[in-house]
Each structure stands twice: as C-alpha cells, then as structure tokens.
Amino acid sequence: MKIEGKPYRTIWFENNIVKIIDQTKLPHQFIIKDLRTSQDAINAIKTMEVRGAPLIGATAAYGLVLSIIEKNDLPFLKKTSEDLIASRPTAINLKWAVNRMMKKLSGIDNNEILKLALEEAKAIVEEDVIFCKNIGTNGLKIIEDIANKKKDTVNILTHCNAGWLATIDWGTATSPIYHAHQKGIKVHVWVDETRPRNQGANLTSYELNEEGILNTIIADNTGGILMQRGQVDMCIVGTDRTLSNGDVCNKIGTYLKALAAKDNNIPFYVALPSSTIDWNIKDHKKIPIEERNSEELSHIEGLDKDNKLQKVLIYPQKSKAMNLAFDVTPARYVTGLITEKGVCKASEQGLKGLFK
Ligand code: MRU
C-alpha cells in the first residue's frame with residue numbers, strides 16, 4: 001500500500017540486509033531501518049519496530065536468513081530459532097514461520113542452506129501478500145451486501161492495527177476495506193485508539209489516511225455507545241492466534257468490543273490468514289498472553305510544541321500498572337472468520353471445512 005503516494009511493503013531484503021519500516025516512530029517519522037544480524041531481527045520484534053502477527057512471522061523468517069549469513073552453523077541457527085520464538089509469545093505466526101523455515105532447512109548442507117532459507121523466507125512473504133489480498137476479496141462481499149441494503153456509507157469499527165503495516169501488504173481486517181474503497185463503495189472506519197500503544201491511532205488511522213479512506217479515531221470505550229446509536233454497521237478485527245474451535249486471541253479490548261457488538265446485533269468479523277490458526281491448543285487458557293512493561297501505560301509519547309518527540313509520565317508516580325497485551329473472544333461472539341479461502345463459521349467445523 002502507499003505512503004505519500006509511493007507503494008511500500010513492510011519488509012524487504014536487499015544486499016544481504018533486511019529493510020523494515022520502524023513502526024515505533026510512526027506516524028510522526030517515517031524511518032526505514034536496516035536489520036543486519038539475527039539479533040537485530042529479535043530486537044525489532046521485541047521492541048515492536050515490527051509488529052502484527054504476520055509481519056513478526058516474516059521478520060523471524062528473515063532473522064533466520066540473517067543468522068545463516070552471520071555464521072553458517074547449525075547450533076547457532078537452532079539457538080536463533082529459539083530466541084526468535086521467545087521474542088513475542090502470543091502471535092502464533094512467529095512460531096509457525098520459524099518452524100516452517102527450520103523444517104525446510106533440516107538436513108540441508110552448508111553450501112545450499114542460505115539459498116534455500118532465502119527462498120523460503122521470500123515464499124512466506126509472497127504467500128502472505130496473496131492471502132491478505134484474498135481475505136480482501138472474500139470480505140468485500142460482506143461490505144458490499146451491507147452497502148447494497150443500506151444505500152449509504154458503511155461504518156466499520158476496527159481495533160488495534162490489523163492493517164497492511166501488521167502484514168506485508170493489504171492487511172487482514174483492512175483488506176476488505178481497501179477492496180471496498182477501490183470498488184467505489186463508500187466506507188468510513190471507526191478506529192479504536194488501542195491503548196496503551198495506540199496502534200489504532202498511530203498506525204491504522206495513518207495508513208487509512210494515506211489511502212484516502214475516511215476514518216475517525218475514537219477512545220477505546222466509545223464503541224459501545226456508537227453501536228447503541230446505530231453508527232456501526234459491522235466490526236472487523238485481526239487476530240494473533242485463532243484456535244481450531246474458533247476462539248480468537250487478539251489485542252486487549254477486542255473481547256469487550258465483541259460483547260458490545262453481540263448486545264447490539266452488529267456483525268463481528270475476524271480476518272486472518274491460515275498461518276494464524278493454532279491447530280494444537282484446544283483451551284484458550286493455554287494461550288501464552290504477553291504481559292508487557294507497565295511503562296507502556298504510564299508513559300505516553302507525542303510531539304511537543306517544537307515538533308520534537310517527547311515521552312512523558314501520565315500516572316501518579318507511586319501507582320502500579322498492569323499491561324496485558326491480548327485477550328480472547330470466545331467463538332460464540334464471532335459472526336464469521338474471513339480467511340484467504342473464504343468466510344466460515346468460527347468453529348472447528350467451519351475451519352476444517354476450509355482448511356483440512
Ligand atoms: O501488539 P501488536 O501490535 O503486535 O498486536 C497486533 C494485533 O493485535 C493485530 O490485531 C493482530 O496481530 C493481527 S495483524 C494482521
């Protein structure tokens with residue numbers, strides 16, 4: 001998708017260097033950063049210079065490529081793979097991408113391993129682009145139906161950033177929105193600010209602006225009253241891990257939006273590529289939920305009057321804060337899962353019908 005009219009992807013490989021857009025600096029600064037070592041890739045994931053389930057998977061795949069460039073040695077590659085998986089525990093795409101790479105590279109001799117690793121990392125990236133594009137065409141039909149019935153602008157609420165910045169291109173939750181916009185359907189997006197890191201305000205609103213899509217940032221608690229007032233036609237969110245029974249783990253606050261949507265009879269869709277499905281864990285309580293530094297809550301960053309980025313404390317100095325990054329929305333609150341293969345019920349039967 002575009003930034004200042006120029007098409008970008010979120011990650012690419014050039015002259016043995018991995019290039020990323022540093023998302024910790026958006027929307028105020030657009031900085032392309034070089035990742036030269038596997039440790040750079042691990043740090044970029046940990047510090048959320050790259051974030052979003054599919055993008056951290058792709059970064060991990062390239063992290064293994066960088067590890068081979070640094071030191072073509074199996075124990076080092078294995079250690080890198082473990083460190084990458086541990087760098088952010090909730091989004092399953094990370095583990096999925098590392099396991100896929102390691103399976104491909106197992107038993108390959110040293111002369112060939114770099115070429116194969118690079119091919120596989122590129123395959124992961126290209127596949128994600130196609131999957132996200134297909135999520136868009138599948139989700140477009142849902143937006144189109146609402147537009148045809150309503151004969152007016154379709155108001156869509158989204159949470160966090162499941163946009164192209166969270167993937168390689170198109171995004172998951174935003175892909176149907178971009179497709180609808182390109183087809184001339186009038187859409188307006190309610191963007192949940194998404195405290196504490198403000199991925200909605202900083203990233204989703206930013207990328208929608210760059211594509212010319214009408215959007216309004218709202219505080220995370222505003223969705224409920226907008227739904228009661230009939231100002232939300234549908235919700236679409238992304239996911240970091242969807243269980244085979246259809247339970248959806250996503251950015252903290254997603255669950256409360258789903259409850260409000262259910263209470264107001266508003267369709268609540270979750271968009272995901274198949275790389276986000278966890279076929280193994282059956283009980284959502286077993287999903288490792290990331291607890292992040294409480295400083296993400298107590299401090300906030302923005303531009304001061306001289307246009308300089310500043311971080312300030314907004315809490316009482318003596319207060320403690322707790323920062324859980326994800327929650328789980330039970331399948332019963334999810335109207336449907338929008339995947340690259342079609343839209344299905346949030347259930348084992350629904351998912352297996354498409355994928356097994
Ligand atoms: O903590 P983040 O910013 O990595 O969280 C991102 C989300 O929760 C997204 O909704 C999810 O990864 C889906 S991205 C297509």
Side-chain angles (χ1 to χ4, degrees), residues 1 9-11 20-24 26 44-60 87-97 125 128-129 131-136 139 157-178 189 191-207 220 235-242 248-258 268-278 287-293 296-297 323-329 334 337-340:
M1 307 305 284
R9 283 184 173 185
T10 51
I11 191 164
I20 58 159
I21 298 169
D22 180 353
Q23 301 195 18
T24 60
L26 291 174
I45 295 170
K46 276 192 176 160
T47 59
M48 294 177 67
E49 288 166 348
V50 287
R51 27 70 51 205
L55 179 57
I56 58 180
T59 309
S87 62
R88 283 199 77 189
T90 304
I92 188 78
N93 304 57
L94 183 52
K95 196 172 173 193
W96 168 87
V125 161
D128 191 67
V129 176
F131 284 2
C132 286
K133 191 166 192 303
N134 291 346
I135 287 169
L157 185 140
T158 192
H159 190 68
C160 195
N161 174 261
W164 74 270
L165 289 166
T167 64
I168 313 299
D169 209 350
W170 292 106
T172 58
T174 55
S175 188
I177 299 171
Y178 288 132
V189 185
V191 177
D192 277 357
E193 181 189 30
T194 321
R195 286 280 293 144
R197 289 187 68 103
N198 296 340
Q199 290 96 326
N202 290 347
L203 305 174
T204 306
S205 182
Y206 169 78
E207 62 163 89
D220 292 322
C235 305
I236 318 182
V237 300
T239 164
D240 293 86
R241 190 187 291 237
T242 288
V248 169
C249 180
N250 192 46
K251 181 54 54 197
I252 194 89
T254 304
Y255 173 43
L256 293 178
K257 283 312 129 65
F268 187 92
Y269 285 94
V270 179
L272 67 147
S274 49
S275 50
T276 307
I277 305 169
D278 183 338
I287 300 174
I289 300 284
E290 201 175 308
E291 185 171 347
R292 300 186 61 84
N293 196 321
E296 290 182 351
L297 274 160
N323 186 14
L324 291 176
F326 300 96
D327 62 23
V328 179
T329 301
V334 178
L337 301 173
I338 308 172
T339 77
E340 75 269 17

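Atoms within each ligand, like the ligands themselves, are counted from 1 in listed order. Values reported hereafter were calculated over all heavy atoms of this structure, with side chains retained and with hydrogens, waters and symmetry mates removed.
- Between R195 and E193 there is no salt bridge, since no side-chain nitrogen of the basic residue lies less than 4.0 Å from a carboxylate oxygen of the acidic one.
- Judged purely by distance below 3.5 Å, without hydrogens or angles, the side chains of R197 and N202 never pair a donor atom with an acceptor atom.
- Looking only at side-chain heavy atoms (C-beta outward), F326 and I287 stay at 4.5 Å or farther from each other.
- Annotation: T172 places no N or O atom under 3.5 Å from an N or O atom of ligand 1; distance criterion only.
- Put simply, the side chain of R51 gets close to the backbone of N161: a donor and an acceptor are under 3.5 Å apart.
- Each of the following atoms of ligand 1 lies closer than 4.0 Å to a heavy atom of P54: 14 (S), 15 (C).
- Numbered from 1 in the order shown, with element, the atoms of ligand 1 that lie under 4.0 Å from a heavy atom of A53 read 12 (O), 14 (S).
- Nearest protein neighbour of atom 9 (C) of ligand 1, counting heavy atoms only, is N250 OD1, 3.5 Å.
- Using a 4.0 Å heavy-atom cutoff, A91 is absent from the residues neighbouring ligand 1.
- Compare T158, N202, D240, V237 by their heavy atoms: the one nearest to atom 7 (C) of ligand 1 is in D240.
- D22 and T24 form a side-chain donor-acceptor contact under 3.5 Å, judged by distance and modelled atom types alone.
- Those atoms of ligand 1 with a heavy atom of G52 less than 4.0 angstrom away are 4 (O), 12 (O).
- Two residues are said to be in side-chain contact when any heavy atoms from C-beta on lie closer than 4.5 Å; D192 and L157 meet this criterion.
- Under 4.0 Å from ligand 1, the heavy atoms of T239 that appear belong solely to its backbone.
- Contact annotation: the side chain of Q23 approaches that of L55 to within less than 4.5 Å [non-hydrogen atoms, C-beta and beyond].
- Between I56 and N93 there is no side-chain heavy-atom pair separated by less than 4.5 Å.
- Under a 4.0 Å heavy-atom criterion, H159 is not in contact with ligand 1.
- Contact atoms of ligand 1 toward T167: 15 (C) (distance under 4.0 Å to a heavy atom of the residue).
- Between T239 and N250, the side chains place no donor N or O within less than 3.5 Å of an acceptor N or O (distance only, hydrogens not considered).
- A heavy-atom separation below 4.0 Å is not found between L55 and ligand 1.
- Proximity of a side-chain donor or acceptor of T172 to a complementary backbone N or O of G238 within less than 3.5 Å is not detected.
- Atoms of ligand 1 lying under 4.0 Å from at least one heavy atom of R88, given by number and element, are 1 (O), 2 (P), 4 (O).
- Considering backbone and side-chain N/O of A162, none are found under 3.5 Å from N/O of ligand 1.
- The shortest contact between atom 5 (O) of ligand 1 and any protein heavy atom is with K251 CE, 3.3 Å.
- Taking a cut-off of under 4.0 Å to the non-hydrogen atoms of Q199, the atoms of ligand 1 that pass are 1 (O), 2 (P), 3 (O).
- Listed by number with element, the atoms of ligand 1 under 4.0 angstrom from any heavy atom of C160 are 5 (O), 6 (C), 7 (C), 8 (O).
- Protein heavy atom in closest approach to atom 14 (S) of ligand 1: A166 CB, 3.5 Å.
- A side-chain N or O of Y178 and one of E207 form a donor-acceptor pair less than 3.5 Å apart.
- Under a 4.0 Å criterion applied to the non-hydrogen atoms of M48, ligand 1 contributes the atoms 1 (O), 2 (P), 3 (O).
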